[in-house]
Amino acid sequence: MAERARTTQVRDKDGGAKDTPKSRRTRVQILETAMKLFAELGYDRAGNAAIAEACGLTRGAMLYHFPTREDLVEAAAWHIHAAREAAFEAEAKKLKPGQDALDGAIDAYWRLLDSVPFAAFLALERAGRQDADVAKAIKPAQEAFDNAAMGRATPGFIMAGNDARFQASRDLARFALDGMHRAALTYENEARIEAVLTVIKRAVHMLNRKGDVTDLWGE
């Protein structure tokens, strides 16, 4: 995929890193480590020095591949975007025969919110709210994910179409799940989450003409 290719292309202009197999492997190692540390430590604690140390690289070797923090963040954002798309594709293959694809897509997205790629990008988005340079660096990958989220890699949402109903149902599911994942539920967590997931699924079915308003809240 195009975004994944972006993470392995090494610049050779203006004294940048050369495009060699070894250089590409090192670059991917850096980006994989950055993704892992962003997810585990957060953006601020996962500085370039910490990433270099985790990779077993010197500061000079790190600068060879990513001269600035912005260079690293932009490349990491695309790398994480590719990882999230790959995760969606893997989840889509797990759909069982006869399983409702819309329900499967929602369940898959909910599971993936706990994965390393999603946690890493959330850390970048949080940092971007406070740092304009981070916001600028991750914006293209953000837009690419917004255009593809729960779409290309998830059959149920492809079949739903591309009209206003599809857009509304996709956004309803995605943003409701994002918000619930970030919420701090203090009691009956599993039961409350399951109830909300059920309502989200029913609402998405309704918007895609697969249900009636009376189905939104079952007896």
Side-chain angles (χ1 to χ4, degrees), residues 1-94 108-109 111-154:
M1 67 182 58
E3 287 76 16
R4 185 175 294 278
R6 290 173 185 264
T7 69
T8 56
Q9 290 173 349
V10 184
R11 296 173 301 170
D12 59 5
K13 298 178 180 178
D14 303 322
K18 294 181 179 179
D19 188 6
T20 66
K22 180 180 178 181
S23 184
R24 288 195 294 272
R25 287 194 299 271
T26 301
R27 184 178 172 89
V28 170
Q29 179 191 14
I30 292 170
L31 296 175
E32 280 286 313
T33 302
M35 178 172 67
K36 182 173 181 289
L37 293 185
F38 287 153
E40 292 179 354
L41 304 177
Y43 175 80
D44 291 331
R45 292 177 61 196
N48 285 26
I51 294 169
E53 182 179 359
C55 290
L57 298 175
T58 64
R59 181 175 181 274
M62 186 75 169
L63 292 175
Y64 176 74
H65 292 280
F66 300 102
T68 69
R69 178 69 165 176
E70 289 72 25
D71 290 333
L72 173 64
V73 171
E74 182 177 3
W78 280 114
H79 187 81
I80 296 167
H81 170 67
R84 292 202 289 182
E85 282 206 326
F88 268 130
E89 291 167 1
E91 287 291 335
K93 294 177 182 178
K94 296 178 183 178
Y109 191 86
R111 288 193 298 270
L112 290 174
L113 286 172
D114 280 325
S115 68
V116 169
F118 278 77
F121 210 92
L122 176 59
L124 291 181
E125 289 179 322
R126 285 172 174 164
R129 296 189 185 101
Q130 305 296 325
D131 188 322
D133 289 333
V134 174
K136 180 180 179 181
I138 69 173
K139 184 176 180 181
Q142 274 183 312
E143 292 177 345
F145 181 77
D146 190 34
N147 287 327
M150 301 175 75
R152 186 176 70 192
T154 312

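Across Met62, Met35, Arg25, a single residue satisfies side chain to side chain contact (heavy atoms under 4.5 Å, CB included) together with Ile30, and that is Met62.
Separation of atoms NE2 (His65) and CD (Gln29) is listed at 9.0 Å; rounding is to 0.5 Å. Rounding to the nearest 0.5 Å places CG of Asp44 at 10.0 Å from CZ of Phe38. Rounding to the nearest 0.5 angstrom, the gap separating the CG atom in Asn48 from the CG atom in Leu57 is 11.5 Å. Residue Cys55 holds its SG atom at 12.5 Å from CZ of Arg27, rounded to the nearest 0.5 Å. Atom NE2 of residue His81 and atom CZ of residue Phe121 lie 8.5 Å apart, to the nearest 0.5 angstrom. His79 contributes atom NE2, which lies 11.0 Å from atom CG of Leu72 (distance to the nearest 0.5 angstrom).
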Identify each donor-acceptor pair in which a side-chain atom of residues 122-137 lies under 3.5 Å from a protein atom, sequence neighbours left out, and give them as a table.
| from | atom 1 | to | atom 2 | distance (Å) |
| --- | --- | --- | --- | --- |
| Glu125 | OE2 | Gln142 | NE2 | 3.2 |
| Asp131 | OD1 | Asp133 | N | 2.8 |
| Asp131 | OD1 | Val134 | N | 3.3 |

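Nearest heavy-atom pair across Thr33 and Ala54 is CG2-CB, 3.6 Å. Nearest heavy atoms, Pro140 versus Trp78: CB-CZ2, 3.6 Å.
Note: Tyr109 and Phe88 have parallel aromatic rings, judged against thresholds of 30 and 60 degrees for the angle between ring planes.
With Ser23 contributing its side chain and Thr20 its backbone, the two residues share no donor-acceptor pair below 3.5 Å.
Under the side chain to side chain contact (heavy atoms under 4.5 Å, CB included) criterion, Arg45 pairs with Leu41, not counting sequence neighbours.
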**Report entry** Candidate pair Phe145 and Ile80, rule side chain to side chain contact (heavy atoms under 4.5 Å, CB included), full reasoning
**Finding:** CA-CA 10 Å; Phe145 181 77; Ile80 296 167; over 6 Å; no

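Using a 4.5 Å heavy-atom threshold, the side chains of Tyr43 and Val73 count as touching.
The local environment of CZ in Arg69 is crowded, with over 12 non-hydrogen atoms from other residues, nucleotides or ligands closer than 6.0 Å.
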